> 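Sharing a structure with you now.
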2 protein chains.
Amino acid sequence: MVGSPSSIRIAERREASRREIVDAAWEVAREHGLAALTLRLVAERVGMRPPSLYSHFDSKHAIYDAMFGQAWLEYEQAVAAEMAAPPRAPRETVHRVARCVFDFSTADLARYQLMNQRSVPGFEPSAESYAPAVRVLDAAVAQVESFGVTDRGAIDILLALIGGMVDMQLANDPGGDRWSQLLDRAVDMWADAVGLPPDPPGAADPSHSDGA
Amino acid sequence: MVGSPSSIRIAERREASRREIVDAAWEVAREHGLAALTLRLVAERVGMRPPSLYSHFDSKHAIYDAMFGQAWLEYEQAVAAEMAAPPRAPRETVHRVARCVFDFSTADLARYQLMNQRSVPGFEPSAESYAPAVRVLDAAVAQVESFGVTDRGAIDILLALIGGMVDMQLANDPGGDRWSQLLDRAVDMWADAVGLPPDPPGAADPSHSDGA
DNA sequence: GTCTATACTGTGATAGAC
DNA sequence: GTCTATCACAGTATAGAC
């Protein structure tokens, strides 16, 4: 009976319920903090009793895992859209991708903690949920290497630099733009150090980024 | 009776008990994760029943607060010792302080999460516990400014760069040295960008750092 | 298959005896 | 100061209604 019309409808309904639960979990995490997520609050938001959540997820960690996978999938799509744009000069590309990463990361503290910090004790993402994280990193490395920067150490430093800017923004100026305004400058500092040539005059000025 | 010999002895004993509890809390946090800290495990380690902890701390958050303050105090002492060393050339000083910060931060994930990440929902450090954090930042800023780098944006970028290196090391290579080995290079990148002159030949080579 | 009802364990916290 | 007793609520698990 696998694949029959009814089983497909059922599978769709199940997936919709799972998505509804995950969305509610994100709301709770944003409001109360990632580690303060409770099944009771999630269930309340979707109109269920807490034990009913176990019909859709094996455990609380399984909900975290679904959140983790969804977040990295959205992140991958955002970065991929930025990198798939019409070919641009190297510096402008690095600037725009860095801005994309920065904005995505600083937009949601709970999401950033789940994706990049080991904030939930005992939680380890499953292989499936972790896959997009690996893909987006590989794509970013390949992109930078295509500009002639083949030194992996230089790429690691760029990742640290962008990540550090995000951290500072979130920890020391949440909701502000103190480090956001410095992002282009920091990226240029790295680009100069690795010898990335200045963009030709025709290229767009990276300072047009909104800096949100 | 305040200040009488007996009250002093009592206060000392109280402080010793508080310290014993905080030390036990650190052990639990390191073993099980910061957010997995439970009063039961702490009490067990100091040979008490959980409610007895409330004789020394008003709440679990008060224990977190004492841990936070102690960590930043130790951090301040470590950095101050590095900066109070005999006058050195600007670059070498920045390298050594960066290494000091990096090693201290990467030595203990739980401590780093409590000090720099908003990992515990609802926890806000008290003014007293936060004071050393402000002091150590001010001292670092003053140190860098004494080298002629008065642009606060440049200093913010340096802080982000070092913090990002720590984050990457902790998140992507815990226990390893992948980003530790890149630290001197990253700091030089920043020093070049802000125009910090090369150290005179007589100065020590920063590459002698152990990179642990 | 999905949800409800109920119960078990563990956690932060309080009250009161000694 | 430390203990016992207790509470409210968390995550988790199972049994059973529909």
Side-chain angles (χ1 to χ4, degrees), chain A residues 1-22 24-25 27-29 31-67 114 119-124, chain B residues 1 6-25 27-29 31-68 114 119-124:
Chain A
M1 56 197 78
V2 172
S4 73
S6 64
S7 72
I8 290 176
R9 297 257 314 266
I10 289 172
E12 283 172 356
R13 179 136 173 62
R14 254 192 90 76
E15 194 50 43
S17 292
R18 281 176 63 96
R19 185 164 198 90
E20 195 181 355
I21 290 170
V22 170
E27 292 176 22
V28 174
E31 288 177 22
H32 297 82
L34 181 67
L37 184 75
T38 68
L39 297 187
R40 183 181 139 271
L41 288 175
V42 174
E44 183 178 295
R45 208 163 289 242
V46 297
M48 284 200 223
R49 304 297 172 251
S52 300
L53 297 177
Y54 285 84
S55 301
H56 304 277
F57 292 94
D58 288 340
S59 68
K60 188 184 180 185
H61 274 23
I63 297 180
Y64 278 130
D65 194 61
M67 296 166 75
L114 180 60
S119 194
V120 181
F123 169 66
E124 290 292 326
Chain B
M1 58 197 76
S6 64
S7 71
I8 290 176
R9 296 255 316 262
I10 288 173
E12 283 173 356
R13 178 134 174 65
R14 255 192 88 76
E15 195 50 43
S17 293
R18 281 176 62 96
R19 186 163 197 90
E20 195 182 354
I21 290 170
V22 170
D23 289 345
E27 291 175 23
V28 174
E31 287 176 23
H32 296 81
L34 181 67
L37 184 76
T38 67
L39 297 185
R40 183 181 137 269
L41 288 175
V42 174
E44 185 177 292
R45 208 163 289 242
V46 298
M48 281 184 173
R49 302 296 172 252
S52 300
L53 298 176
Y54 285 85
S55 300
H56 302 276
F57 292 94
D58 288 340
S59 67
K60 188 184 179 185
H61 275 23
I63 297 179
Y64 278 130
D65 194 61
M67 296 166 75
F68 182 94
L114 181 61
S119 193
V120 181
F123 169 67
E124 289 292 327

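Chain letters run A, B, ... following the sequence lines, proteins first and then strands; every chain starts at 1. Since the model is a prediction, treat every value here as computed from it, not as a measurement.
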> On the nucleotide C/dG12, are OP1 or OP2 found under 4.0 Å from the side-chain N or O atoms that B/Y54 carries?
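Checking C/dG12 against B/Y54, no side-chain N or O comes under 4.0 Å of OP1 or OP2.
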> To the nearest angstrom, how far is B/R49 atom CZ from D/dT4 atom P?
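Value for this atom pair: 5 Å.
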> According to a strict under-4.0 Å criterion, is B/H56 in side-chain N/O contact with OP1 or OP2 of D/dT2?
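Answer yes for this pair, as a side-chain N or O of B/H56 is under 4.0 Å from OP1 or OP2.
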> Would you kindly give the CG-to-P distance between A/L39 and D/dG11, to the nearest whole Å?
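Going from CG in A/L39 over to P in D/dG11 covers 4 Å.
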> At their closest point, which heavy atom of B/F57 faces which heavy atom of B/A66, and how far apart are they?
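Taking B/F57 first and B/A66 second, the nearest heavy atoms are CE2-CB, 3.8 Å.
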> What is the distance, rounded to the nearest whole Å, between atom CE of A/M48 and atom C1' of D/dT12?
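Answer to the nearest Å: 16 Å.
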> Quickly work out the B/F57 CZ to D/dG1 P distance and round it to whole Å.
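After rounding, the reported distance stands at 12 Å.
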> Answer with base, sugar-phosphate or nothing: what part of the nucleic acid does B/S59 contact at a heavy-atom distance below 4.0 Å?
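If one applies the 4.0 Å heavy-atom cut-off, B/S59 turns out to touch the sugar-phosphate alone, with no base involved.
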> Would you call A/M67 and A/L37 a side-chain contact if the rule is heavy atoms closer than 4.5 Å?
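Heavy-atom side-chain distance check passes, below 4.5 Å.
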> Are OP1 or OP2 of C/dT11 and a side-chain N or O of B/R40 less than 4.0 angstrom apart?
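For B/R40, the contact criterion (side-chain N or O under 4.0 Å from OP1 or OP2 of C/dT11) is met.
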> Starting at atom CD1 of B/I63, determine the distance to atom C1' of C/dA13, rounded to an integer number of angstrom.
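From B/I63 CD1 to C/dA13 C1': 12 Å.
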> With a cut-off of less than 4.0 Å, is there a side-chain N or O of B/R14 near OP1 or OP2 of D/dG1?
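Answer yes for this pair, as a side-chain N or O of B/R14 is under 4.0 Å from OP1 or OP2.
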> Looking at every strand, decide which applies to B/P50 at a 4.0 Å heavy-atom threshold: base, sugar-phosphate, or nothing.
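Since no nucleic acid heavy atom lies under 4.0 Å of B/P50, the category is nothing.
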> Any donor-acceptor pair under 3.5 Å linking the side chain of B/Y64 with the backbone of B/L34?
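At least one qualifying donor-acceptor pair exists.
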> Run the side chain to side chain contact (heavy atoms under 4.5 Å, CB included) check on A/V28 and A/T38 step by step: do they pass?
CA-CA 8 Å; A/V28 174; A/T38 68; 5.5 Å; no
> Can you find a side chain N or O atom of B/S52 that sits less than 4.0 Å from OP1 or OP2 on D/dG1?
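Looking at the OP1 and OP2 atoms of D/dG1, neither is under 4.0 Å from any side-chain N or O of B/S52.
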> Indicate yes or no: at least one non-hydrogen side-chain atom of B/M48 is less than 4.5 angstrom from one of B/H56.
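With C-beta onward as the side chain, the pair touches.
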> C/dT11, D/dA5, D/dA10: which one has an atom nearest the side-chain heavy atoms of B/T38?
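My answer, after comparing the listed nucleotides, is C/dT11.
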> Could you give the CD-to-P distance, from A/E44 to C/dT4, as a whole number of Å?
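Going from CD in A/E44 over to P in C/dT4 covers 13 Å.
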> Counting side-chain heavy atoms from CB outward, which of D/dA10, C/dT6, C/dC3 is closest to A/S55?
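Ranking D/dA10, C/dT6, C/dC3 by closest atom to the A/S55 side chain puts C/dC3 first.
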> Taking CG from B/L53 and P from C/dT11, how many angstroms apart are they, rounded to a whole number?
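About 13 Å, once rounded to whole Å.
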> Rounded off to whole Å, could you give me the CG-to-C1' distance for the B/L41 and C/dT11 pair?
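Distance, rounded to whole Å: 10 Å.
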